[in-house]
Asks: 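The structure's right below; bear with me while I get my questions together.
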2 protein chains.
Amino acid sequence: MVDREQDVLRAASMYYLQDMKMEAIAKHLHTSRSTVSRLVKRARDTGLVEISLRPARSRGPGLGQHLASTWGIDAYVVPVPDQAPQVERLEQVALTTARLLSTWFDSNMILGIAWGTTLSAVSRHLPRKPTRGSAVVQLNGAANTRTSGVHYAGDLIAGFGTAFDAHVHHFPVPAFFDYAETKQAMWRERSVRRVLDVQHRADIALFSVGAVAGGVPSHVYSAGYLEPEDIAVLDAEGVVGDVCTVFLRADGTYSDIALNERATGPAPQELRRVPRRVCAVAGDNKVAPLRAALRAGVVTDLVVDEITASRLVAGA
Amino acid sequence: MVDREQDVLRAASMYYLQDMKMEAIAKHLHTSRSTVSRLVKRARDTGLVEISLRPARSRGPGLGQHLASTWGIDAYVVPVPDQAPQVERLEQVALTTARLLSTWFDSNMILGIAWGTTLSAVSRHLPRKPTRGSAVVQLNGAANTRTSGVHYAGDLIAGFGTAFDAHVHHFPVPAFFDYAETKQAMWRERSVRRVLDVQHRADIALFSVGAVAGGVPSHVYSAGYLEPEDIAVLDAEGVVGDVCTVFLRADGTYSDIALNERATGPAPQELRRVPRRVCAVAGDNKVAPLRAALRAGVVTDLVVDEITASRLVAGA
DNA sequence: CACCATTCTGCACGTTTGTGCACCACGGTT
DNA sequence: AACCGTGGTGCACAAACGTGCAGAATGGTG
């Protein structure tokens, strides 16, 4: 066979665009129906076929529409069983996010990503969609006192990179500096500025929110990034969670929180320069930080499971 | 049931985005599997679900890629059986065009359309996709010496209008004026200017090409729009076909063709102001005019069947 | 209230699609 | 040349899906 991929394309086109039965396609391609089934599956897996739903804002009333109009965002509410365990909710949200992302991201674009439990789940579900001239950039540092974070955040970013055939830009700094002065100093270094520059040109940012308290603890609070006294200070300040390692209060404010001077992620104000800012959230303990993030205006596209969404609306 | 459409959405989301079996979805929705099958079908029919293939330009070599790189366009080559009759080729191209169009067109956009056999076929395959604040505008007149053209072109445009819930703007002029002076005069009228103004703001233009000679004769030449002496002049000028009633020579030139002074459609130069210009073509006799249209640079997105595409490439 | 028309539902069945398996073709190794 | 691993194929069966049909729910009308 001269060109295998050509058949994948033809099969997909005939199947999805022209509603032909696999039987008929098989005859056309001089092969068996089973092979056509496999060709079509392949087309889906390699991201050649994109299946998407129109976002909530253009639809009738409902949870999604409510979120959309209340916050002025596009909301994707993922249906989940009524008492689904947190893990499953996370998994479904991650799957949906992965698909949406792969329909949005394309050649010559730059994707900025944070890291954490949610993002890691997203990366596991990414379909492969080869692009050209695109890049993936890490939005905040990952090193802490115990590890360089290279493996954890590195693998994560690499996952996005290979899914899209994108260049990857790592951000080799700790999640939090110990001294704000070090950050100031580093931010003047050209190696760091290069990464910051790529971040500023990002077309899409993908992140979740971190919760200070509750069920599945965010990496930020559990992996030795913060000292006990830091956490005590956060409590005192009324912090409910973070976006890209920048801490937020319940009302969405974040300036004058001391720790943010030492954080490496983009503050909401900077983040808002990215045209499309996708936030994927699942979990009861993330309701409060999610509301804070919405108030801070950092979200343009929200992917959230039904249960979390209804708690968000209810507790408003 | 409080909200029927909500279930359509949930079902589609679970089925397409989360790969759940209909059985499982049925349990969630407290209904039967058959109902879920119907919900999902409805989601497809109402355009809530969009299925699309990545265009040729980002893919490997092949007919589509060749067209894409030769002409700098996005090409969608529709696979058809080797000896498919012209009608079937047209039908398949129309189906694919209809789908693509409905993924591209959205709220607050303006769609300009020509008319003819091909466009009529496209309108038959349009899925319903309700939008808000959008409009459809007729690009060229349709009246001739025998009918006002209102029914033919009118129904066609209405079809697009209802598919998208869009306002429709008719263009109540003949396809060709008998005297160029009349056109000049009419173009100063405010009723006409209003339509021209909408045309100028179009985000997408949809048209085919007309062929002077051959198999399925274009409406333009067969429905009494032109007098025999007009056609003789066209032959003498070396005209191979038309785009929106503007005639083109094989090399894509069109100025100084007398008849174009009396045509009502936008000339290539004006047409090129529309950001996305979709051309749907099927049929051997349309190869020459298609090449002329490509040379004139009026096409950004081409939908064409495999056979026509290969003749285009071959005879270059 | 009774009536009809319309729409929706679940069932049962036939159709369409997915996949484990055995097999074959090919290129690289020993 | 014999060997082996990888990736592809068709078969046959199992799983998943679509749809005609008959009956239930809904919503006007007389």
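Below, chain A is the first sequence line, B the second, and so on; all start at residue 1. Fair warning: this is a prediction, and the values are worked out from it, not measured in the lab.
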Asks: Any side-chain N or O of A:Ser34 under 4.0 Å from OP1/OP2 of C:dT19?
Replies: no

Asks: Any chance the side chains of B:Thr35 and B:Ser32 put a donor and an acceptor closer than 3.5 Å?
Replies: yes

Asks: Take the protein atom CZ of A:Arg33 and the nucleotide atom C1' of D:dA14, then report the distance between them rounded to whole Å.
Replies: 12 Å

Asks: For A:Ser120, check side chain to side chain donor-acceptor pair (under 3.5 Å) against everything at least two apart and list the hits.
Replies: none

Asks: Looking at DNA chain C, which of residues 12-30 of chain A put a heavy atom within less than 4.0 Å of it?
Replies: A:Tyr15, A:Lys21, A:Met22

Asks: Select one nucleotide: of D:dG18, C:dG18, C:dC11, the one nearest the side-chain heavy atoms of B:Ser37.
Replies: D:dG18

Asks: What is the distance, to the nearest angstrom, from the NZ atom on A:Lys41 to the P atom on D:dG7?
Replies: 16 Å

Asks: Return yes if a side-chain donor-acceptor contact under 3.5 Å exists between A:Arg44 and A:Tyr16, otherwise no.
Replies: yes

Asks: Report the distance from atom CG of A:Leu39 to atom P of D:dG7, rounded to the nearest whole Å.
Replies: 16 Å

Asks: Is there a donor and acceptor pair closer than 3.5 Å between the side chain of A:Arg38 and the base of D:dG7?
Replies: no

Asks: Quick one: is C:dT9 close enough that its OP1 or OP2 comes under 4.0 Å of any side-chain N or O from B:Thr31?
Replies: no

Asks: Can you pull the ring pair (Phe, Tyr, Trp, His ring centres under 6.0 Å) pairs that have at least one residue in residues 32-55 of chain A, sequence neighbours excluded?
Replies: none

Asks: Using five base pairs at each end, measure the axis-to-axis angle across the helix from C:dC1-D:dG30 to C:dT30-D:dA1 and round it to 10 degrees.
Replies: 20°

Asks: Any luck finding a side-chain donor-acceptor pair between A:Lys286 and A:Ser208 under 3.5 Å?
Replies: yes

Asks: Tell me, please, which residues at least two apart from A:Thr97 pass side chain to side chain donor-acceptor pair (under 3.5 Å).
Replies: none

Asks: In plain terms, say whether B:Asp19 and A:Arg99 are close enough for a salt bridge, that is, a side-chain N and a carboxylate O under 4.0 Å apart.
Replies: yes

Asks: Looking for any heavy atom pair under 4.0 Å, which part of the strands does B:Thr35 touch: base, sugar-phosphate only, or nothing?
Replies: sugar-phosphate

Asks: Testing the 3.5 Å rule here: is there a donor-acceptor pair between the side chains of A:Arg89 and A:Thr308?
Replies: yes

Asks: Side-chain atoms of residues 20-30 of chain A: list all donor-acceptor pairs with protein atoms under 3.5 Å, sequence neighbours left out, distances to 0.1 Å.
Replies:
unit_1  : atom_1 : unit_2  : atom_2 : d
A:His28 : NE2    : B:Val80 : O      : 2.9

